[in-house]
Amino acid sequence: MKAIAVLRSAQQATGRSLTVFARDVGHGLLEIGHNTLAVVGLAVVAVLVFVAGREDLRQQAETLAFEWLQTRHEVRAAAIADAELVPSEPLAVTRATAADPNGLTDQQAAVASWISRRYKVAPEPISALVQEAWTIGQRAGLDPTLILAIMAVESSFNPFAQSPVGAQGLMQVMTRIHDDKYQAFGGTHAAFDPISNLRVGVQVLKECITRAGGLQQGLKHYVGAALLDSDGGYVDRVMTEQDYLKRVAAGNRVSINAPITVPRDAAPMPPPAAPPAPPRAEQLAMLRP
């Protein structure tokens, strides 16, 4: 019992000693802090008194302070102006015609990659067009490689292309003639939306093939050469490009430098020997019911 009492007494004595030590250290640090602040305060006061007594130093300090404030103001004003000049729009990405190439089937991915490298366009928007060509091609009963081949020949996958006679967009649809087809997409400005142009182009192509009774003759109607002796090689270019795309889709190697199909506007059709035929717009107008 006496040993336990001694231990308890020692514990209490140790606790009191630690408490005293901590209190003394705390007081010491507080005192040092007070003294340091006092010294700093006195130094600031001394500097202010010294500067106040020196007109040149006071003016220099005021000039430096004014310049600093002016610089800060200019930086903030420039930042506000830049923000107003290019306003942010977080939902803008929803308007982008793009798709992840990793989300395509093996066939589609191979075709998208080949087109991207051949025509030097980004794989994401091409992936979206390839997906759409497969979807709408199945719906319309058309080979998706045919749709993509027409885009290649017509515009080289430039969604803002326009011909001298007014054919516009990826599939070079005559917007003036087929304005009714664009109503479902919000109006004729949709001609420059890649997906809308693709869908309207497929409608026009399907109509041309149906009325002509066959693919090659339908392509002549599509390009506006139905009444001409020659289509300027248009059908051959489309069929050649489609053959490349079919081979790529089948897993075969096709050089991206295979003979390039020149867009129609870069290689215009030779004038016919017969009297001048009506321009493409009028020819397509003749096909409308």
Side-chain angles (χ1 to χ4, degrees), residues 95 97-99 108 111-112 115 125-228 231 234-235 237-239 241-242 245-246 249 261 263-265 269 278-289:
R95 297 198 304 268
T97 302
Q108 294 170 357
V111 169
I115 291 174
I126 288 298
S127 295
L129 294 176
V130 169
Q131 275 186 327
E132 183 64 24
W134 247 262
T135 300
I136 198 169
Q138 184 177 22
R139 193 177 304 156
L142 296 173
D143 193 316
T145 58
L146 172 65
I147 299 170
L148 293 167
I150 289 175
M151 281 189 277
V153 174
E154 290 284 354
S155 66
S156 295
F157 296 96
N158 175 10
F160 307 121
Q162 176 166 308
S163 76
V165 295
Q168 296 177 324
L170 282 174
M171 297 191 70
Q172 291 291 279
V173 177
M174 293 296 299
T175 305
R176 297 193 309 272
I177 300 303
H178 300 286
D179 57 339
D180 57 321
K181 292 181 174 65
Y182 280 113
Q183 295 311 308
F185 302 97
T188 55
H189 284 171
F192 300 106
D193 169 55
I195 298 298
S196 300
N197 188 279
L198 190 161
R199 292 176 179 176
V200 171
V202 168
Q203 289 183 51
V204 176
L205 176 63
K206 183 70 174 178
E207 290 176 4
C208 290
I209 293 173
T210 300
R211 290 175 179 175
L215 173 58
Q216 295 198 17
Q217 195 62 27
L219 287 173
K220 289 186 69 175
H221 278 272
Y222 186 86
V223 76
L227 304 180
L228 302 179
D231 63 5
Y234 175 80
V235 173
R237 293 200 298 274
V238 170
M239 301 305 292
E241 191 73 6
Q242 185 187 12
L245 291 168
K246 280 184 173 181
T261 54
R264 185 171 55 265
D265 294 338
M269 292 185 295
R280 178 174 180 175
E282 296 175 14
Q283 292 174 21
L284 289 179
M286 295 167 61
L287 297 176
R288 294 179 65 181

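What you see below is based on every heavy atom in this structure, not just the backbone, and it leaves out hydrogens, waters and symmetry mates. Quick note: residue numbers are just sequence positions, from 1.
Side-chain atoms of Met239 and Leu219, non-hydrogen and from C-beta on, do get closer than 4.5 Å to each other.
Side-chain contact, Tyr234 with Glu154: a donor N or O sits under 3.5 Å from an acceptor N or O.
Closest non-hydrogen pair, Ser196 versus Phe185, comes out as OG-CD2, 3.6 Å. The two atoms that bring His221 and Ala212 nearest to each other are CD2-CB, 3.4 Å, heavy atoms only. Asp180 approaches Ile177 most closely through the heavy-atom pair OD1-O, 3.9 Å.
Among residues two or more places apart in sequence or in another chain, the ring pair (Phe, Tyr, Trp, His ring centres under 6.0 Å) test is passed with Tyr182 by none. Residues satisfying the side chain to side chain donor-acceptor pair (under 3.5 Å) test with Gln108, not counting sequence neighbours, are none. Every residue two or more places apart in sequence or in another chain was checked for a side chain to side chain donor-acceptor pair (under 3.5 Å) with Thr97, and none qualifies.
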(request) Quick one: do Ile115 and Leu245 satisfy side chain to side chain contact (heavy atoms under 4.5 Å, CB included)? Show the steps, please. (result) CA-CA 9 Å; Ile115 291 174; Leu245 291 168; 3.9 Å; yes
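Proximity of a side-chain donor or acceptor of Asn197 to a complementary backbone N or O of Ala191 within less than 3.5 Å is detected. Between the side chain of Gln172 and the backbone N or O of Ala161, at least one donor-acceptor pair lies under 3.5 Å.
Summarising the geometry, atom CG belonging to Leu215 is positioned 11.0 Å from atom SG belonging to Cys208; distances are rounded to the nearest 0.5 Å. Within the model, atoms CG of Asp231 and CD of Gln216 stand 9.0 Å from one another, a figure rounded to the nearest 0.5 Å. A distance of 14.5 Å separates CD1 of Ile209 from NZ of Lys220, quoted to the nearest 0.5 Å. Annotation: the span from Lys181 atom NZ to Glu207 atom CD amounts to 4.0 Å, rounded to 0.5 Å.
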Please list every donor-acceptor pair under 3.5 Å in which a side-chain atom of residues 136-153 meets a protein atom from a residue at least two apart or in another chain.
from   : atom 1 : to     : atom 2 : distance (Å)
Asp143 : OD1    : Thr145 : N      : 2.9
Asp143 : OD1    : Thr145 : OG1    : 2.6
Thr145 : OG1    : Gln242 : NE2    : 3.3

Show me the donor-acceptor pairs within less than 3.5 Å that the side chains of residues 126-134 make with the rest of the protein, sequence neighbours left out.
from   : atom 1 : to     : atom 2 : distance (Å)
Ser127 : OG     : Pro123 : O      : 2.6
Glu132 : OE1    : Arg199 : NH2    : 3.4
Glu132 : OE2    : Arg199 : NE     : 2.8
Glu132 : OE2    : Arg199 : NH2    : 3.4

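Within the structure, the ring-ring contact (aromatic ring centres under 6.0 Å, His included) test picks out the following pairs touching residues 153-175 (sequence neighbours left out): Tyr119-Phe157.
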